[in-house]
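Only one structure is covered here, and it is reproduced in the block below.
Numbers restart at 1 for each chain; the letters A, B, ... are given by sequence-line order, proteins then strands.
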Amino acid sequence: MSDLFHSPAAPTAGSHLIERLNQAQRQAVEAVDGPVLVLAGAGTGKTRVLTVRLAYIMAQGKAAPGQILAVTFTNRAAREMSERIAGLIGRPTEGMWLGTFHAIGARILRRHAELVGLRSNFTIIDTDDQLRLMKQIIEANQIDEKRWPGRALTSIISRWKDKGWTPDQVPAEEIGDFAHGKGVELYKQYQHRLTELNAADFGDLLLLNLRLFLEHPDILASYHQRFRYLLVDEYQDTNVAQYLWLRLLAQGSRNICCVGDDDQSIYGWRGAEVGNILRFEQDFPGAVVVRLERNYRSTAHILGAASGLIANNQGRLGKTLFTEPVEGEMGEPVKIQGVWDEAEEARTVGETIEDLQRNDHVLNEMAILVRAGYQTRAFEERLITIGVPYRVVGGLRFYERQEIRDACAYLRLIRQGDDDLAFQRIVNTPKRGLGNKSLQTLYTIARGRGQSLLTASEDIVTTDELPPQRRAGLRRFIEDIARWRAEASRLPPSELAEIVLDESGYTGMWMADKSVQAPGRLENLKELVRAMAEFESMEEFLDHVSLVMDVETGPGDDMANIMTLHSAKGLEFDTVFLPGWEEGVFPNQRSVEESGHAGLEEERRLAYVGLTRARKRAIVLHAANRTVHGQWQSNIPSRFVDELPEDHTERAEAAGYGFVQDEGALWQIAMNRPQRGDRQSNYHKVIEARSQRFGDGEEVFIPVGRGNDVPAIGSRVFHQKFGYGMVKSIDGSKLDITFDKAGQKKVMADFVKLA
DNA sequence: CGTATATATCTTTTT
DNA sequence: GATATATACG
């Protein structure tokens, strides 16, 4: 094995690698030179092809690890690929450029930062900082932030960056009406500030790479020299900027292999262009196109259901996935189950999990895949109640937590005094008596002099521009920073962090905090210090924080998985639960509203991705009612439910839910299961109703109208602060209440309860 | 300045 | 229901 890379390229080298591949897979591996497009359906052994291909290239002596560039979309995919290649070649993948677009972009950018106006220790800012900066720019331009929210502009600019547009390149018709067409001007200012701050946002990592390559052909040429073989995973999810980046790099060797599946393109909202796949053959004439259609993952029923569903999409490249049925086994049909509300949905899933457990199925092989994050809660609560261990994959990630970001801001500021965003984040955390007013003053002075906040502060503490008390707080802060900076060079990152967290009073702040979350935050801070021990330099660590975001998951305890459909891509499980298949939830209402037909098709692809995660069992659920934003909402089953071919599905018997029928003042539940195709006529909108149990145990559902209860005029109510009172008049959701003790007050209906 | 209370807005999905 | 922002008060 050790002479793997140095042995002369015998024609048979690496043949052991491809022995167990099917014909199409083998073709994808053996087409080593020139452009290759692999259209890989779900479960067709894509990762296997990818990894074997790389191992094969090396085994043939075509390239050393350092001459291979392999790009993935997610860190998880990168990690997995790295591990599997290591397994194949029997050694770590050292030297190989393997990572996400952004991670590799950052790596390249650090080497040549000066050429695009940055220093090599530039900061990669997160969405928090991005927003903070944007708000300042909007304010500086005297634009009403209420009307033109910074968040909106941030995402507009991100989309522009996805397209590869610098401020000058945004086409006139795309400028939009943000702040009456000032969007581009604000974009320009935003970039200007980023340069001043020696910072780059996510989009810049690629955009600045493009600029670097275009303005400095010699540098591009050096990467042509370096990268002999390019490999791209999830090609259907690349945006234009990534596409341009790849095209530039591939100009050298033309040995580029892209793997993708148009049916699994689910990142259109983030600028992904399926068109990149369709365009491949034009961009790379003579490209070999290989289709992987033999599915090794799912049962015939699951595959049939998924194929039937995705067939409703127009504009596909068209693949027909097939399995070779094992002795005519179809497996279990996809189960479709209607439930009353999300609580019952969670209960149903919980029971099925327990059933499976009793039959020796492991939790690791079960996954609940939801459309949006807010859906996880009901399942978490239920699984806790019945004592089933679970993990939420994705969710709010470790490095996105407030305390972690604060801690990192300290470290950033120590490393780079120009980091105003970090400065602003923590200068008064914990409290140093520097409120809004002081910060405003400070900011104005600093900007006026063109200095960073920290530099300006050093001056300001010697003048009387701030009142003495504030000055003292600020002095303490900058002295702390200066001291830590002096220590930074001779301490390993984790020790420095420990000292900073302690001496700054940050840890103390959380220890004094009595809220329920405080202990967890302290725990996270400890975890942070522990995680830092793995890193040699602060540099390395902070890059990890901004680019990798998640923390290595611990050893594989047996736990059920809960995650969004998006984060499920690339994974597979024996059993997959697909709850929330209701119009409005899935397909997601906003998605359809904003992107129309294209949005709907992307939702359908998401459904397809969900189904094809399942090896043996898929259970689709839809609830008649659920709370969204704390308000009850009634939904009809998703059109996707109807699109599942009948001969691959089975309706589960469900108990205890049905329709609401008018019966005078009360609304009662009438038992009736929704029938296939009944969406419109039979399963019409269920009137919002709330379950209430009476003394004798009988449960009835009381309609509450759209939204929450609004107490009637004259009713007695209770308010947290004002106590008991009586409603005098109602104006929309505002109530005029005469309280027994506090007198007359205007209060939002949400703040009172019926007494 | 800091705190508490009132209101608004929010939920897509992620590097 | 949870969280960011605005306002009022101490």
Side-chain angles (χ1 to χ4, degrees), chain A residues 71-78 99-106 124 126-128 130-131 135 145-146 149-151 155 158 161-162 201-206 234 237-239 241-242 265-272 369-378 381 393-397 399-400 402 428 430-439 466-467 469-470 473 517 546-550 563-569 580 584-595 599 602-603 605-606 609-610 627-631 633 708 719-722 733-734 745-751:
Chain A
V71 217
T72 64
F73 228 69
T74 63
N75 294 297
R76 191 182 53 211
T100 63
F101 279 98
H102 293 90
I104 290 175
I124 300 166
D126 61 25
T127 48
D128 262 23
Q130 214 179 339
L131 187 58
K135 282 181 172 175
E145 225 260 343
K146 276 272 169 66
R151 259 187 75 124
S155 76
S158 296
K161 290 187 174 179
D162 289 341
D201 68 16
F202 262 98
D204 289 338
L205 295 179
L206 284 158
E234 307 283 15
D237 288 329
T238 51
N239 60 34
Q242 291 162 335
S265 161
I266 54 174
Y267 285 101
W269 52 274
R270 207 177 67 185
L369 308 183
V370 297
R371 175 63 183 84
Y374 69 83
Q375 290 171 263
T376 61
R377 182 201 232 111
E381 282 172 0
V393 180
L396 81 146
R397 276 160 302 202
Y399 293 115
E400 275 174 346
Q402 182 191 337
N428 200 32
K431 302 266 181 287
R432 296 185 179 90
L434 296 157
N436 230 322
K437 187 75 192 300
S438 309
L439 286 185
L466 284 180
Q469 242 187 332
R470 319 285 160 229
Q517 303 134 11
S546 16
L547 292 168
V548 179
M549 303 297 284
D550 59 341
M563 69 189 90
T564 65
L565 288 158
H566 283 89
S567 23
K569 191 159 75 151
V585 177
F586 190 38
N588 178 278
Q589 183 146 20
R590 277 180 62 163
S591 187
V592 178
E593 272 168 14
E594 281 167 21
S595 315
E602 181 153 312
E603 293 288 301
R605 290 193 291 270
L606 204 45
V609 167
T627 44
V628 180
H629 305 171
Q631 307 222 75
Q633 188 186 304
N708 290 338
H719 185 272
Q720 280 276 318
K721 190 180 170 198
F722 304 130
S733 54
K734 282 200 189 74
K745 300 271 181 196
K746 270 202 167 75
V747 178
M748 294 285 285
D750 286 351
F751 286 86

Open item on the list: Does B/dG2 have its OP1 or OP2 closer than 4.0 Å to a side-chain nitrogen or oxygen of A/Asn428?
Closed with: yes
Task: Partner set under salt bridge (charged side-chain N to carboxylate O under 4.0 Å, His left out) for A/Glu594, not counting sequence neighbours - done: A/Arg590
Task: Nearest-nucleotide comparison on DNA chain B, the residue closer to the 5′ end among A/Thr127 and A/Gly433 - done: A/Gly433
Open item on the list: For B/dT11 and A/Arg151 - does any side-chain N or O of the residue sit under 4.0 Å from the phosphate oxygens OP1/OP2?
Closed with: yes
Open item on the list: So for atom CD, which belongs to A/Gln469, do other residues, nucleotides or ligands contribute more than 12 heavy atoms lying within a distance under 6.0 Å?
Closed with: no
Below 3.5 Å between N/O atoms, which protein atoms pair up with nucleotides 4-7 of chain C? Just atom names and distances, please.
{"unit_1": "C/dT5", "atom_1": "OP1", "unit_2": "A/Lys135", "atom_2": "NZ", "d": "2.3"}

TODO: Write down the distance between CD (A/Glu400) and P (B/dT11), rounded to a whole number of angstrom.
DONE: 14 Å
Task: For A/Glu381, side chain to side chain contact (heavy atoms under 4.5 Å, CB included) partners two or more places apart - done: A/Arg377
Open item on the list: Output the rounded distance in Å from CG (A/Asn436) to C1' (B/dT3).
Closed with: 14 Å
Task: Expected output: side-chain A/Glu603 to main-chain A/Phe586 donor-acceptor under 3.5 Å - done: no
Open item on the list: For A/Ser265, is there any backbone N or O sitting under 3.5 Å from a side-chain donor or acceptor partner on A/Arg605?
Closed with: yes
Task: Length of the CZ-P vector between A/Arg371 and B/dT13, whole Å - done: 8 Å
TODO: Classify the nucleic acid contact of A/Glu594 as base, sugar-phosphate or nothing, counting any heavy atom under 4.0 Å across all strands shown.
DONE: base
Open item on the list: When the C1' atoms of B/dT11 and C/dA6 are compared, how many Å lie between them, rounded to an integer?
Closed with: 23 Å
Open item on the list: Is the ring pair A/Tyr267/A/Phe73 parallel, tilted or perpendicular, if the boundaries are 30 and 60 degrees?
Closed with: tilted
Open item on the list: Output the rounded distance in Å from CG (A/Asp237) to P (B/dT14).
Closed with: 12 Å
Open item on the list: Check this for me: does the side-chain of A/Arg270 come within 3.5 Å of the base of B/dT13 through a donor and an acceptor?
Closed with: no
TODO: Please state how far atom OH in A/Tyr374 lies from atom P in C/dT3, giving the value in whole angstrom units.
DONE: 18 Å
TODO: With A/Leu369 as reference, evaluate A/Gln375, A/Met563, A/His566 under the side chain to side chain contact (heavy atoms under 4.5 Å, CB included) test and give the passing residue.
DONE: A/Met563
Open item on the list: As a test of reading the structure: which of B/dT15, C/dG1, B/dT11 is closest to the side chain of A/Arg377, going by heavy atoms?
Closed with: C/dG1
Task: Atom pair distance, as rounded to whole Å: CZ in A/Phe202 and C1' in B/dT14 - done: 9 Å
TODO: Give a yes/no verdict on base stacking between B/dT13 and A/Trp269: centres under 5.5 Å, planes within less than 30° of parallel.
DONE: yes
Open item on the list: What's the separation between atom CG in A/Leu547 and atom CD1 in A/Ile124, rounded to the nearest 0.5 Å?
Closed with: 4.0 Å
Task: Selected nucleotide, minimal atom distance to A/His102 side chain, candidates B/dT15, B/dT13, B/dC1 - done: B/dT15
TODO: Using atom CD of A/Glu593 as one end and atom C1' of B/dT11 as the other, report the distance to the nearest whole Å.
DONE: 13 Å
Open item on the list: Taking the minimum atom-to-atom distance to the side chain of A/Lys437, which one of B/dT11, B/dT15, B/dC1 wins?
Closed with: B/dC1
TODO: Ignoring the backbone of A/Ser438, work out which of B/dC1, B/dT15, B/dT11 is nearest its side chain.
DONE: B/dC1
- [ ] Indicate, with a heavy-atom threshold strictly under 4.0 Å, whether A/Tyr267 touches base, sugar-phosphate, or nothing.
- [x] sugar-phosphate
Open item on the list: Please pick, from B/dT11, B/dT13, B/dG2, the nucleotide with the shortest atom-to-atom distance to any side-chain atom of A/Lys431.
Closed with: B/dG2
Open item on the list: Please tell me if A/Ser567 has a side-chain N or O lying less than 4.0 Å from either OP1 or OP2 of B/dT14.
Closed with: yes
Task: Distance, rounded to the nearest Å, where A/Glu602 contributes CD and B/dT14 contributes P - done: 12 Å
